[in-house]
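Following: one structure in structure tokens, then a few remarks.
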Amino acid sequence: MSKKRTMIIIEPDSRIHKEAFMTAPMTCPYCNGRGGFGIDTSEGPDFQPCPDCASTGEVAAMVTIDWKPNIK
């Protein structure tokens with residue numbers, strides 16, 4: 001199976017500061033984009049929401065960079 005990869009290049013601007021960005025949404029690998037799981041209960045069929053994607057079927061990575069001085 002093919003995998004999608006995203007590369008980031010980390011270089012400080014003229015001033016260092018905390019920065020963050022989000023990746024593009026991807027299909028949730030836990031529920032395979034279904035948003036949850038069908039389960040059978042004593043009352044009949046039910047739907048268990050996916051804990052990883054909160055029933056959206058998609059996830060995105062939030063990358064945070066916190067620049068710090070290199071103190072030796």
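Computed over heavy atoms, backbone and side chain alike; hydrogens, waters and symmetry mates excluded.
Closest of all the heavy-atom pairs between Y30 and P51 is CE2-CD, 3.8 Å. The minimum heavy-atom distance linking D52 with C28 is given by the pair CB-SG, 4.1 Å. Contact record, E58 with C53: O-CB, 3.4 Å, taken as the closest heavy-atom pair.
T41 contributes atom OG1, which lies 5.5 Å from atom CG of D46 (distance to the nearest 0.5 angstrom). Taking OG1 of T64 as the reference point, atom CZ of F21 lies at 9.0 Å (rounded to 0.5 Å).
Within a 6.0 Å radius of CZ in F47, more than 12 heavy atoms belonging to other residues, nucleotides or ligands are found.
Both V63 and I10 are members of a single hydrophobic cluster when ILVMFWY side chains are connected at heavy-atom separations under 4.5 Å. Residues W67 and I8 share a single hydrophobic cluster, defined by chaining ILVMFWY side chains whose heavy atoms lie under 4.5 Å apart.
The backbone N or O of A61 lies less than 3.5 Å from a partner atom in the side chain of T23, making a donor-acceptor pair.
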